[in-house]
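These notes concern the structure reproduced below.
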Amino acid sequence: FFFCGFDLEKMEEARYLKRKVKAGRIDVHPSECAVVVHYEVEALILGDEGDAMHGERKQCQKIIHLGKALSNSSNVHQIAESIVEKCQLIHPTKLLELEQLLVFLQKRKKQHGSALEEASKKRLAQDSGGQVAQFSDVESYVDMLYEEIADKVKGTGLILQLVRSPDNMEELAQNERLLSALSRELRDFGTKSIELATNVVQIFFFFSSYSNFHDLIAKHKLGFSCLQIVEHEIKRYETLKKVLSQKRRHCKEGKITKEEYQVAKKQFEDDEFGQDTLLYVCLHLLLNIAEDTRVEFKIRNKHIVGLLAECLKRQNVELLLLVVTFLKKLSVFLENKNEMVELNIIESLERCIVSPCEPLQFVALRLLLNLSFDAAIRAKIVELKLLPGLVMLMGKQSTLSIAGVATCLVYHISMDEKMRSHFETGDNIVMPMRLILQARDTRPAPELLALTINLALNEPTAAAMCANGGLKMLLKASLTSGDPLMFKLLHNFARHRSVQPLFRDFMEELTALLVRAQDDDVVVEVLGVLANLRFPDFDYEKLIDRFNLLDYMVQRLLPGAALDDIMLEIVVLLGSMLCSDKVALRMAKAGVITSLVELLKAKQEDDEFVLQIMIAFYRMVLQPSTRQVLVGQTEAVSYLLDLLFDKQPAIRTVCGRALDVIVEYDQEWGHKIRTRRFQVHNAEWLRVVLHEGPHDAEFEEHFGDEFDAHDPDGEAAGFYDEYHQGRFAVDHGGMHDADVLGSDEDDFA
């Protein structure tokens, strides 16, 4: 590191130089059979006391060339272990990821990795006239750059032979005359001779593969030259297509013969392939130097996204793979993402996603995954009807984790409530279910479970997943895996009334699992399932006796005995079980009411707890056994009165209904409840009258008797002050279950 910003006067105070290396991601080389390891180096100058006086960071990369070591018959696992052992930048935990990348390279090399390379080597041999380059003759090759175009092409071809050897690169990089001549030729003739431009860019491309040569490329402004060439070739391609289209029209009109048209078509194909090669090396060079974010920003300002979008229209698979890789790198920045949307890149990616080339398919999915963090893009994916194809890719057997990326992408789509309706029928719902059930003894992937959990929030989708024995198979898979996310899926199913009857046959199994479960996350979800299920004619006494269920719940309602989530679900479950007086009597004897009152005192600032406890109280006053205990032996009615005027509508409604029942059965409390309601309902009017209004004979004549009848002790004004000072009001936060408000008692479920 060169500390260009460090004050030299402070150098005397510096005592130590500290160097840190932080390993980053691992990628495959876009074109070569190599692995690229990204890492960050930080250098700090420390003083005597160890304090940092100055520091710099630099993003670097190490390219591990595999060459002939990786063939179709190579043992990928052994190669990966060898790389991890020799390269300290790769942690052993990344062994599996490295193996996948090697398999990717192996398959790419076998299927699509040689077309441009072989063509390049063949053309290079033709350009150099079969002559073998000698390093000692490099100056004569430079002299050839000052001759005619044919000699320039031959000279650059020979120099390209030399630069292909890593042993020659250091000395060639120090040859200023050579580099200046090459960069000048590219500027002057890059748009005039495609062969010359390809050779020169390839020479600098080899330099760009190594981070320590990037300054050399910046010095000679190769990035700008490459951008100009790419833009020129894109425009020329459009012209060539128009000429060919005109020839085709003339052929149909009989103005030229079919043979002439075929000659023109062959010429177009040759020009197109030459362009593909040139575009490939230009874009590859730009991708290499874009590892520095500052350089990437400059390239972005030259409208690289628009150029890449145009290149997506081409047919060459290797070029498409490079273009999509470049777009994936750029897509992590908001400005680039927005520009990609404006250029309709999502539509262009469709053919890449369905391509038979798995590497291209994989990278296209990765790009689409990056873009799918935007809700508008997720909607666009569904609009273009890409969802069915993505769902099918979830089940694809591939060494490139295509299924995993597709699952993450579909999961992103499922986050939008409006999009879940697209999963209600067909393979869109069958595939996730099949993949979960195929996992058997292993836990399904978290992304797959997260997807199905989201889908289970949509009632038609949940019903489709649970139909035809689907719920039974999922419950069995949940018991086998013990994964809390599987029980979360069941919890979401149990929210829907159309699905709830299907759980009736599994109440005992779920209760048995509850009392023996050790994982708190599993306990929360199983409690949630049982709490959502309310069957008025179900024999809850049988569960209470067989599993000692009431003692289990009362013990966990004690302060600090369980997590808040567990305690909350227990309160909901207690309310759901209150379907008969026999169950209510068992709860009264087990001390459930007292436990709920104490819990209410401890959690009075938590809206969710207050609401669910009030619902439980309401259902208790409906049953004679618990009503008697609740009214006569606890402070529950006082809390109901206080919360009758809570800020939350749901709590006020529940308390009001519970008090309506108490009024019918208890005269003493009925009088107090009616008086309190009158006082609060008329509190504002009473305040004006008692504190500010006129006390004259007319007032006494019209309102005196009515007022005295409802407020014989003159407590109204005092109550108003107490209420608005907060003595009775309990300020809770936001409500989560506002939908419990309804006219029917079942709406509290």
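All values below come from the heavy atoms of this structure, side chains included, with hydrogens, waters and symmetry mates left out. All residue numbers refer to positions in the sequence shown, counting from 1.
- Across all non-hydrogen atoms, the minimal contact from Cys357 to Val317 is SG-CG1, 3.6 Å.
- With rounding to the nearest 0.5 angstrom, the CG atom of Leu321 is 11.0 Å from the CZ atom of Phe362.
- By the 4.0 Å N-to-carboxylate-O rule, Arg177 lies close enough to Glu139 to be salt-bridged with it.
- Classification of Lys313 and Glu238 as a salt-bridged pair fails, no side-chain N sitting under 4.0 Å from a carboxylate O.
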- So Lys94 and Val84, side-chain contact (heavy atoms from CB on, under 4.5 Å) or not? Walk me through it. CA-CA 8 Å; Lys94 292 191 174 183; Val84 171; over 6 Å; no
- Message: Would Tyr237 and Arg314 count as a side-chain contact (heavy atoms from CB on, under 4.5 Å) here? Give the steps.
- Response: CA-CA 10 Å; Tyr237 181 68; Arg314 305 183 77 91; 3.3 Å; yes
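- Pairing each heavy atom of Ala23 with each of Tyr39, the nearest pair is CA-CB, 4.1 Å.
- Listed here is the closest heavy atom pair of Leu158 and Met144: CD1-SD, 4.4 Å.
- The shortest distance between side-chain heavy atoms of Asn168 and Val138 does not fall below 4.5 Å.
- Between Leu349 and Leu327, every side-chain heavy-atom pair lies at or beyond the 4.5 Å cut-off.
- Distance check: Glu81 CD to His77 NE2 gives 3.5 Å after rounding to the nearest 0.5 Å.
- Under the 30°/60° scheme for interplanar angles, the aromatic rings of His412 and Phe373 are found to stand perpendicular.
- When side chains are defined from C-beta on, Lys337 counts as touching Leu334, because their heavy atoms get closer than 4.5 Å.
- Side chains of Glu339 and Phe333 form no contact here, defined as non-hydrogen atoms less than 4.5 Å apart.
- Residue Phe135 qualifies as enclosed at atom CZ: its count of foreign heavy atoms under 6.0 Å is above 12.
- With respect to the salt-bridge test (charged N to carboxylate O, under 4.0 angstrom), the residues Arg300 and Glu335 do not qualify.
- Here Asp271 does not pair with Lys241 in a salt bridge; the nearest charged N to carboxylate O distance is not below 4.0 Å.
- Using a 4.5 Å heavy-atom threshold, the side chains of Phe213 and Glu170 count as touching.
- Between Lys62 and Leu89, the closest heavy-atom pair is CD-CD1, 4.0 Å.
- Once rounded to the nearest 0.5 Å, the distance linking CG of Leu283 with CG of Leu307 reads 8.0 Å.
- Partner of Leu371 under the side chain to side chain contact (heavy atoms under 4.5 Å, CB included) criterion, chosen from Ile377, Val341, Leu409: Ile377.
- Looking at Ser82, its side chain never comes within 3.5 Å of a backbone N or O of Ile79 through a donor-acceptor pair.
- With a 6.0 Å radius and a threshold of 12 heavy atoms from other residues, nucleotides or ligands, Lys247 has its NZ atom at or below the threshold.
- Using the six-membered ring where Trp is involved, Phe207 and Phe204 have ring planes that are tilted, between 30° and 60° apart.
- We find the CD-CD distance between Gln267 and Gln262 to be 13.5 Å, quoted to the nearest 0.5 Å.
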- Item | side-chain contact (heavy atoms from CB on, under 4.5 Å) evaluation trace for Asp292 with His214 | CA-CA 9 Å; Asp292 187 335; His214 284 187; 5.9 Å; no
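- Nearest heavy atoms, Ala181 versus Leu145: CB-CD1, 3.7 Å.
- Ile289 has its side chain out of reach of Leu222: every pair of non-hydrogen atoms, C-beta onward, lies at least 4.5 Å apart.
- Checked by atom type and distance alone, the side chain of Asn316 pairs as donor or acceptor with a backbone atom of Leu319 at under 3.5 Å.
- Checking side-chain atoms of Thr407 against main-chain N and O of Ala403 turns up a donor-acceptor pair under 3.5 Å.
- Within 6.0 Å of the NZ atom in Lys302, the count of heavy atoms belonging to other residues, nucleotides or ligands does not exceed 12.
- Distance CD1/Ile402 to CG/Leu390: 12.0 Å, rounded to 0.5 Å.
- For the pair Lys329 and Glu291, the salt-bridge criterion is not met [side-chain N within less than 4.0 Å of a carboxylate O].
- With a 6.0 Å radius and a threshold of 12 heavy atoms from other residues, nucleotides or ligands, Gln88 has its CD atom at or below the threshold.
- At least one side-chain heavy atom of Lys380 sits less than 4.5 Å from a side-chain heavy atom of Glu347.
- At least one donor-acceptor pair closer than 3.5 Å links the side chain of Arg378 to the backbone N or O of Ser372.
- In this structure, the side chain of Ser165 does not engage the main chain of Gln161 through any donor-acceptor pair within 3.5 Å.
- Of the charged side-chain nitrogens involved, none lies within less than 4.0 Å of a carboxylate oxygen, so that Asp215 and Lys219 do not count as a salt-bridged pair.
- Between Leu160 and Thr156, the closest side-chain pair of non-hydrogen atoms is not below 4.5 Å.
- At distances below 3.5 Å, at least one donor-acceptor pair connects side-chain atoms of Gln275 with backbone N or O atoms of Glu233.
- Within a 6.0 Å radius of NE2 in His303, other residues, nucleotides and ligands contribute 12 heavy atoms or fewer.
- In this structure, Ile229 CD1 and Ile234 CD1 are separated by 12.0 Å, a value rounded to the nearest 0.5 Å.
- The backbone N or O of Ile63 lies less than 3.5 Å from no partner atom in the side chain of Tyr210, so there is not a single donor-acceptor pair.
- A donor-acceptor contact shorter than 3.5 Å links the side chain of Asn199 to the backbone of Val153.
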- Item | side-chain contact (heavy atoms from CB on, under 4.5 Å) evaluation trace for Gln361 with Lys396 | CA-CA 12 Å; Gln361 193 177 51; Lys396 183 171 183 175; 2.6 Å; yes
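- A donor-acceptor contact shorter than 3.5 Å is absent between the side chain of His220 and the backbone of Ser183.
- The two residues Glu99 and Ala80 come nearest to each other via the heavy atoms CG-CB, 3.6 Å.
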